[in-house]
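Below is one structure, written out as structure tokens; comments come after it.
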Amino acid sequence: MDPECSRLLPALCAVLADPRQPVADDTCLEKLLDWFKTVTEAESSLLLLQENPCLVELLSHILRPQDVSPRVLSFSLRLAGTFAAQEDCFQYLQQGDLLLGLFGEAGTLGWAAWNVPTVRSGWIQGLSSLAQHPSALHFLADSGAVDTVFSLQGDPSLFVASAASQLLVHILALSMHGEAVEHHSPQGSAWPTCAQKIVGHVEESLRSTAAPQVTQALNVLTTTFGRCHSPWTEVLWEQLSPLVACLLERDPIPAGHSLVDLLLSVARSPVFSSADCGLWETVAQTLSRLSPTQAGPLALGTLKLQHCPQALRTQAFGVLLQPLACILKATIQAPGSPGLLDGTVGSSMTVDALLSSKSACAGLLCQTLAQLEELHPLPHRPSPWPQASLLEAVVTILQLCDGSAAPGSSVGGRLCGTLAGCVRVQRAALDFLGTLSQGTSPPELVPQVFAVLLEYLESPDSSPTVLKKAFQATLRWLLSSPKTPGCSDFGPHIPLFLGELFPVLQKRLCSPCWEVRDSALEFFTNLSRHWGGQADFRQALFSSEAPTLTQQLLRDPESYVRASAVTAMAQLSSQGLHATLASPEHPEAEQGLLREFLHILSADSEGFPRRAVVQVFTQWLRDGHAEVARDTEQFVATVLQVVSQDLDWEVRVQGLELAQVFLTQKLGQPGHCPYTVSLPEAPLPRLRPEVLRTLCQPRLLEFAFRALFDCDRPVAQKACNLLLFLRDKTAPYAGMQETGDSPRLDSMEAALQRWQAGEQGQPLGDPEPEAMLAVLRSLDLEGLQGRLAESSDHVEKSPQSLLQDMLATVDILEENEADCY
């Protein structure tokens, strides 16, 4: 430990032990504990305590908890556990029964502060840190601490209860660590004392008729099989699995969700990958006994397993499909083969769950659709995959929600009323419908899909979130639509759909709800990006008013919409789909899209549209857009002149990105490929004068130098990286160029010093390019880059500073005793 820290420790311990002194906040105590953990990892805890007896005095003082605040008491318990994690220090602290007073059953439960959750949490964390070696196991067995942990499993604080369960698993694993090495499969009766005690408690809890105790036992076992993969866990399962199976005979089954978590934890353990321990029979029985809502996660988890028996996979998939089978059975379906759903009979429990209430029906359907969506992309998903039946079921669910379905039974009629206008189910169904676009669907069902999507896009009852999902699903289905063989365009149903889609899109672009306008613009942008070159799409686009409406949205009152309109118009312009407006109301439009974007960049009051414009300009520069290629240098100069005055740091960062792209095009790509063949070095030519002039004409270097001293760190970091790139590219020419006259060089250095001092208003003047490069080579950019990478509190992050700050709060340090008035 640092000598200065050792000097400050006695005063700090005295403050912590004095209830009259104001104690530092929890953050300081957490930092202090982290520092002690770092110290004990690097050196002996015993030596630390011997050299700093004030620490032992502090731990002894808290044996009288009435004299200590709960916050300090919790900290001290955790600190004691940190020290006792090393066995020699544990034995040192055991002298005088210090640890027994802190963690023993007789000491803790009598404290008045025990009623405070943070104290109980600190006790558990301290005990968890302490339990690292055989001596700790003997202490746990003899002190009654394990019994206290048992009682804390039912603590009213969820954090304390969860920590208690985690601690039991930790103690069980520590107890069995040596046994797993000495005996390949020890019998339960030969297990260590702590292990027998914990397993006995779990057995007792599993036999209990109280659901909370059953839940506690299942949670301990779930964590055990998830963390411990030694052979003894197989013996543990053989011992406890009959009790777990007995839970299925109760009505209702207690702790169904916890039971599912346990079975999946056991099934995922590598210990049971090839063992015949009756696990699969228990899983199958559980699938048939649990309610549909509880059985769904078990079915999904089972289908994700690589080594699951095929019969069990079939059963699990049937459980997942049951709600959709009920939906299809309850509605009129066209004759055909629904595939795998033909053999899936909707159980009475599933029907009851769907009809019990609106929330239960929506919850079950949303869970089922989400689970099938998660299963769909997996390489080992069930085969054959019932694509047609799933499509029919999802379309039917969407029709039930908007009232267009035809019920085929009384159940179907009740479902119509239950699901009408249910936004939760609509969102989940549209998500899954978009996922199904990735499969091979029967051609006769695709028009039904587009029809229901168009219904939702047209419906005035569709909420903004549902409309966004409908746009996303429509885009996925359009992008996955196959083209007609031998033709460069799409099949016959796509042009018809586009003809119906664009009037709906125009309507949504004029919606009074800004979220709808924004979603419509996002959809239009993505569709144009992927289909801008298709004749069918271009024909439908040019016959619509969508481009005109999009350009009008550049002046939308909502900034998010204006930003989306910028992106959309840029996409249309990049693909030659931009129809320029020309009207008395918008005279600025006659001067082109570039002028309008520059107006937004310089005049818009919100940051989102300005950021969008600079991102568009950067992309245009990369792509060689026609608006940029006419006069690239003038374009860059104009943009950087505006960006350098912007108050939004993200705009300035994006401006530096644009400058980086410009420099890369002029000077070459950054870096060097390690796989290129090294050729003989030729004499370096002089850096072309026109390139040097280019670097200064758009005031690029002045912008970068100013940004180097920006008060926003990301801007300064980006500028530093940009200047490092430029310096590396011009380094081979160092000394070959004229450095310019000395007065200009001195003027530049003086201007940089003023900028660094915060006087950003001082202009740089009109220096020679060579002088700017000379100044660039004189800057310590690597050092600045390192300083910018440091955290804001790196100067005051030392342990000594932490101790001083904590002492300063109680006026211990004389230099901090200043009158705040």
Side-chain angles (χ1 to χ4, degrees), residues 464-465 467-468 471 505 508-526 528-529 546-574 578 580-581 583 585-589 591-621 625 627-628 635-659 661 703 706-707 710-719 760-761:
T465 54
L467 268 174
K468 186 177 182 69
F471 274 127
L505 181 61
R508 295 306 183 185
L509 288 172
C510 300
S511 171
C513 178
W514 74 263
E515 291 96 336
V516 173
R517 300 195 300 275
D518 193 59
S519 297
L521 284 169
E522 181 184 2
F523 169 76
F524 187 31
T525 303
N526 289 323
S528 302
R529 179 179 297 114
T548 303
L549 294 172
T550 301
Q551 186 156 359
Q552 292 174 356
L553 290 177
L554 291 172
R555 290 169 290 278
D556 193 272
E558 175 56 51
S559 63
Y560 292 103
V561 177
R562 297 198 299 275
S564 297
V566 166
T567 307
M569 288 304 300
Q571 186 60 47
L572 292 176
S573 176
S574 297
H578 168 227
T580 304
L581 281 174
S583 66
E585 293 81 11
H586 307 293
E588 72 279 1
Q591 302 174 11
L593 190 60
L594 177 61
R595 183 67 58 86
E596 190 154 8
F597 280 179
L598 285 172
H599 175 74
I600 293 172
L601 181 59
S602 59
D604 200 295
S605 60
E606 298 289 338
F608 296 107
R610 303 200 305 273
R611 295 172 198 168
V613 167
V614 187
Q615 289 171 357
V616 164
F617 283 164
T618 305
Q619 192 58 48
W620 278 5
L621 184 61
H625 190 279
E627 293 281 2
V628 176
F635 166 78
V636 173
T638 304
V639 173
L640 293 185
Q641 183 178 4
V642 178
V643 167
S644 63
Q645 305 300 320
D646 203 293
L647 297 179
D648 189 321
W649 69 267
E650 293 191 50
V651 173
R652 300 198 298 277
V653 166
Q654 191 60 46
L656 290 165
E657 176 65 23
L658 181 141
V661 173
F703 172 49
R706 284 184 182 273
D710 199 287
C711 58
D712 290 295
R713 184 187 301 185
V715 180
Q717 288 177 316
K718 186 73 175 177
Q760 289 284 331

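Note that the structure is predicted; figures quoted are calculated from it, not measured.
- In this structure, OG1 in T638 is found 6.5 Å from CG in L598, a value given to the nearest 0.5 Å.
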Exercise. Walk me through it: do Q615 and E650 pass the test side chain to side chain contact (heavy atoms under 4.5 Å, CB included)?
Key: CA-CA 10 Å; Q615 289 171 357; E650 293 191 50; over 6 Å; no
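- When each of V639, L621, L594 is paired with V628, the side chain to side chain contact (heavy atoms under 4.5 Å, CB included) condition holds for L621 and for no other.
- You'll find the side chain of L572 reaches within 4.5 Å of the side chain of P547, heavy atoms only.
- Counting heavy atoms from C-beta outward, W620 and E627 have side chains that approach closer than 4.5 Å.
- Taking all atoms of both residues into account, the shortest heavy-atom contact from A659 to L640 is CB-CD1, 4.3 Å.
- One finds the CD atom of Q717 at 11.0 Å from the CG atom of D712 (value rounded to the nearest 0.5 Å).
- Under the 4.5 Å side-chain criterion, counting only non-hydrogen atoms from C-beta, F523 is in contact with L505.
- Note that OG1 of T548 is 11.0 Å distant from CG of L509, once rounded to the nearest 0.5 Å.
- Of all heavy-atom pairs spanning T525 and S564, the tightest one is OG1-O, 4.4 Å.
- If you take CG on L549 and CG on D556, they are separated by 11.5 Å, rounding to the nearest 0.5 Å.
- Partners of E657 according to the side chain to side chain contact (heavy atoms under 4.5 Å, CB included) rule, which considers only residues two or more places apart in sequence or in another chain, are T618, R622, Q654, V661, K718.
- Put simply, CD on E596 and CG on L601 are 13.0 Å apart, with the number rounded to the nearest 0.5 Å.
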Self-check item: Worked check of side chain to side chain contact (heavy atoms under 4.5 Å, CB included) between R529 and N526
Solution: CA-CA 5 Å; R529 179 179 297 114; N526 289 323; 2.8 Å; yes
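- Closest non-hydrogen pair, V715 versus A707, comes out as CG1-CB, 3.8 Å.
- Between A719 and L656 the shortest heavy-atom distance is N-CD1, 3.7 Å.
- Aromatic ring orientation, F617 versus F635: perpendicular (interplanar angle above 60°, classes split at 30° and 60°).
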Exercise. Please test S573 against H625 for side chain to side chain contact (heavy atoms under 4.5 Å, CB included), starting from the C-alpha separation and ending with a verdict.
Key: CA-CA 9 Å; S573 176; H625 190 279; 3.0 Å; yes
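- With V614 as reference, V651 is the one residue of V651, V653, D646 to meet the side chain to side chain contact (heavy atoms under 4.5 Å, CB included) rule.
- Panel note: side chain R652, backbone V643; no donor-acceptor pair is recorded below 3.5 Å.
- Here the closest non-hydrogen pair linking R610 and D604 is NH1-O, 2.9 Å.
- To the nearest 0.5 Å, the span separating CG on D518 from NZ on K468 amounts to 6.5 Å.
- For the pair R562 and V566, the minimum side-chain heavy-atom distance is 4.5 Å or more.
- Both cation-pi conditions hold for R611 and F608: the charged atom is under 6.0 angstrom from the six-membered ring centre and inside a 45 degree cone around its axis.
- The two residues E515 and P464 make their nearest non-hydrogen contact at CB-CB, 4.0 Å.
- Listed for the S644 side chain is a donor-acceptor partner under 3.5 Å among the backbone atoms of Q641.
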